[in-house]
Amino acid sequence: MDLNHVTLTGTLERAPLTRFADHGTQQVSFTLRLTEAGPAGQLFTLFVPCECYGRAADLAGDLTAGASVLVAGKRVASAGVLVEIAGGIA
């Protein structure tokens, strides 16, 4: 059972950044903006850094700033959320 699982829905803050490792693996990073109303109606905004590799990176690379997305992955202390291939992006 995997207890380290994160599913978030939000908006891309800016266009994803695509890089390629020396061995050719595609890496895409982006910031997901989550906005939620508090009990008194005030808005709270959280910015979550995300990284994708492999198939998920292929999908994330085609996204644009302002797109609404759902991501599923693992929480990684140094990177924010690591989006899994199995979870992916919708």
Side-chain angles (χ1 to χ4, degrees):
M1 179 177 186
D2 185 11
L3 297 177
N4 183 7
H5 184 81
V6 177
T7 302
L8 302 169
T9 303
T11 305
L12 284 182
E13 183 63 15
R14 60 185 67 84
L17 175 63
T18 301
R19 292 183 296 253
F20 290 89
D22 292 337
H23 48 77
T25 301
Q26 182 179 5
Q27 174 189 355
V28 175
S29 57
F30 57 89
T31 301
L32 192 62
R33 182 180 70 235
L34 312 171
T35 304
E36 181 177 5
Q42 70 276 33
L43 292 179
F44 294 98
T45 303
L46 177 66
F47 297 93
V48 181
C50 300
E51 290 185 5
C52 306
Y53 301 91
R55 175 85 175 110
D58 290 339
L59 296 171
D62 294 333
L63 298 172
T64 58
S68 294
V69 296
L70 175 126
V71 298
K74 293 183 178 187
R75 172 77 174 95
V76 180
S78 63
V81 175
L82 177 62
V83 179
E84 299 175 308
I85 296 172
I89 298 172

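Position 1 is the first residue of the sequence, and the numbers go up from there. Atoms considered below: every heavy atom in the structure, side chains included; atoms not considered: hydrogens, waters and symmetry mates.
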If you compare all heavy atoms of [X] against all heavy atoms of [Y], which two are closest, and at what distance to 0.1 Å?
X     : Y     : answer
Leu63 : Pro16 : O-CD, 3.3 Å
Phe30 : Cys52 : CE2-SG, 3.5 Å
Leu12 : Thr64 : CD1-O, 3.4 Å
Val6  : Lys74 : CG2-C, 4.4 Å
Ala60 : Val28 : CB-CG1, 3.8 Å

(request) Report the residues that fulfil side-chain contact (heavy atoms from CB on, under 4.5 Å) with Leu46, sequence neighbours left out, ordered by chain and then residue number. (result)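 With sequence neighbours excluded, Leu46 shows a side-chain contact (heavy atoms from CB on, under 4.5 Å) to Leu34, Val48, given in chain and number order.
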(message) Could you work out, with side-chain contact (heavy atoms from CB on, under 4.5 Å) as the rule, every residue matching Asp62, not counting sequence neighbours?
(response)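 Residues passing side-chain contact (heavy atoms from CB on, under 4.5 Å) with Asp62: none at all.
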(message) Give me each pair satisfying side chain to side chain donor-acceptor pair (under 3.5 Å) with a member in residues 29-44, each pair once, sequence neighbours excluded.
(response)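 Every side chain to side chain donor-acceptor pair (under 3.5 Å) pair that includes a residue of residues 29-44, provided the two are not neighbours, is Glu13-Arg33.
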(message) For a side-chain contact (heavy atoms from CB on, under 4.5 Å) check, start with the C-alpha distance between Leu70 and Thr7, then their side-chain angles and the critical distance, and finish with the verdict.
(response) CA-CA 7 Å; Leu70 175 126; Thr7 302; 4.2 Å; yes
